Amino acid sequence: MSTSIAKRPLIGVNACSQWLPGKHPFFIVGEKYVQSVAQGAGGMPMVIPALGDDLPIGQIVELLDGLLLTGSPSNIEPHHYQGGPSAADSEHDPKRDATTLPLIRAAIDAGVPVLGICRGFQEMNVALGGSLHQKVHDLEEYLDHREDKQASIDQQYNALAHSIEIVKGGLLASIWPESGQVQVNSLHGQGVDQLAPGLSIEAKAEDGLIEAFSVDNAKTFALAVQWHPEWQWHPEKDQVGDFPFYRAIFKAFGDACRARQISRTN
Ligand SMILES: N[C@@H](CCC(=O)NCCCC(=O)O)C(=O)O
């Protein structure tokens with residue numbers, strides 16, 4: 001997308017807080033999320049640090065034309081959704097929880113377009129009052145939605161791990177009218193248990209697990225997906241590794257961010 005930086009909508013990308021071994025704590029964000037905002041949505045990415053209560057959320061939301069909620073290997077602490085104790089091997093990021101959950105509520109209230117991905121999908125459900133299965137793979141009614149840890153990163157994200165059924169007449173169906181069933185990648189151990197009030201299912205996996213939802217009374221675009229549409233922004237259209245479905249999601253998100261930019265600056 002060739003729009004100059006100056007004309008691009010400002011899109012927040014939430015960071016994780018991680019202690020790099022032998023170093024100091026860092027705020028980090030996956031490059032593919034920043035790339036997908038810049039290339040896929042045509043936005044100006046702005047990384048939002050996990051400062052918790054020290055983050056001026058109201059001030060930031062006023063500046064944003066969009067908010068992308070990233071994935072992360074860490075899991076939301078279960079006390080945010082009255083969940084049971086975490087498994088001993090569960091990685092957490094309380095600074096990210098303390099930042100992103102209130103940020104989601106403020107952004108939706110303010111009419112900022114929001115796209116949640118994987119952990120970001122789960123955060124949107126929890127922030128709005130829903131709950132999670134902590135180990136989907138331990139539940140007999142569901143498939144194992146985790147990635148193959150023996151596979152390469154390319155193989156994990158290029159993999160079309162399972163199909164999703166897109167709900168007719170919804171936001172995702174309007175973004176992708178081409179077909180009601182699509183194959184997606186899958187790299188998650190947790191998943192939606194109770195969907196928050198005021199959310200509508202947009203897609204389910206073949207085992208019935210909710211894979212996408214939208215916010216019913218959102219003032220603008222508010223979509224969350226469990227898979228990873230931010231993958232592969234390098235290949236050109238129709239080249240190997242090109243995912244038109246993923247690209248369509250970011251185009252729709254970017255269009256909503258541009259609309260907010262116009263309304264915010266006029
Ligand atoms: N920890 C949660 C969410 C999983 C997730 O976001 N995976 C992607 C991590 C790496 C990346 O950002 O692509 C769960 O396990 O369900």
Side-chain angles (χ1 to χ4, degrees), residues 12-18 20 26-37 40 45 47-48 50 67-81 83-84 86-97 99-101 104 114-127 130-139 142-162 164 184-195 205 207 209-213 223-234 241 243 246 249-250:
V13 185
N14 65 323
C16 299
S17 169
Q18 254 189 30
L20 297 188
F26 280 72
F27 294 129
I28 61 167
V29 61
E31 182 178 329
K32 56 189 169 75
Y33 296 106
V34 178
Q35 288 274 18
S36 63
V37 161
V47 176
I48 298 177
L67 176 62
L68 179 75
L69 302 166
T70 61
S72 173
S74 71
N75 294 320
I76 301 165
E77 289 191 316
H79 66 80
H80 289 294
Y81 54 89
S86 280
D89 62 349
S90 185
E91 185 186 341
H92 290 299
D93 186 347
K95 289 181 183 175
R96 169 164 170 158
D97 294 346
T99 305
T100 302
L101 298 177
I104 289 167
V114 180
L115 173 59
I117 294 174
C118 210
R119 193 198 209 259
F121 159 93
Q122 296 166 2
E123 285 168 325
M124 281 178 73
N125 184 47
V126 168
S131 65
L132 303 178
H133 292 305
Q134 294 191 38
K135 291 200 167 198
V136 170
H137 41 281
D138 284 354
L139 302 172
Y142 295 123
L143 301 169
D144 186 342
H145 286 248
R146 295 172 297 180
E147 68 277 24
D148 172 2
K149 297 269 198 269
Q150 306 309 312
S152 70
I153 291 292
D154 273 354
Q155 289 166 336
Q156 292 177 6
Y157 287 82
N158 282 325
L160 296 175
H162 63 70
I164 56 163
V184 294
N185 53 26
S186 185
L187 298 96
H188 63 106
Q190 304 206 334
V192 169
D193 180 4
Q194 291 302 310
L195 192 64
D207 59 3
L209 190 69
I210 294 171
E211 287 274 330
F213 59 76
L223 178 69
V225 299
Q226 183 68 83
W227 64 90
H228 286 271
E230 83 286 355
W231 179 246
Q232 291 287 54
W233 284 99
H234 313 297
F243 293 91
Y246 297 173
I249 292 169
F250 272 90

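No experiment lies behind these values; they were computed from the predicted model shown. Order of listing sets the numbers, starting from 1, for every ligand and every atom in it.
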Asker: With sequence neighbours left out, what residues match Asp93 under salt bridge (Lys or Arg N to Asp or Glu O under 4.0 Å)?
Answerer: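 Salt bridge (Lys or Arg N to Asp or Glu O under 4.0 Å) check on Asp93 returns nothing, list empty.
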Asker: Using ring pair (Phe, Tyr, Trp, His ring centres under 6.0 Å) as the criterion, list what pairs up with Tyr157, not counting sequence neighbours.
Answerer: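 Counting only residues at least two positions away or on another chain, Tyr157 forms a ring pair (Phe, Tyr, Trp, His ring centres under 6.0 Å) with His228, Trp231.
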Asker: Do we see a donor-acceptor contact under 3.5 Å between the side chains of His145 and Asp207?
Answerer: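 Looking only at side-chain atoms, Asp207 and His145 do form a donor-acceptor pair, the distance falling under 3.5 Å.
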Asker: The test is ring pair (Phe, Tyr, Trp, His ring centres under 6.0 Å); show your working for Phe121 and His188 and say whether it passes.
Answerer: CA-CA 11 Å; Phe121 159 93; His188 63 106; 7.7 Å; no
Asker: Using salt bridge (Lys or Arg N to Asp or Glu O under 4.0 Å) as the criterion, list what pairs up with Arg119, not counting sequence neighbours.
Answerer: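 So Arg119 forms a salt bridge (Lys or Arg N to Asp or Glu O under 4.0 Å) with Asp97, Glu123.
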Asker: Select all protein residues for which some heavy-atom-to-ligand 1 distance is less than 4.0 Å, and list them by chain and number.
Answerer: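 The answer is Lys32, Tyr33, Gly71, Ser72, Pro73, Ser74, Asn75, Cys118, Arg119, Gln122, Tyr157, Leu187, His188, Gly189, Gln190, His228, counting any residue whose heavy atom sits under 4.0 Å from ligand 1.
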Asker: Are the side chains of Asn158 and Asn185 in contact, using a 4.5 Å heavy-atom criterion?
Answerer: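 The answer is no, as the side chains (C-beta and beyond) never meet within the 4.5 Å cut-off.
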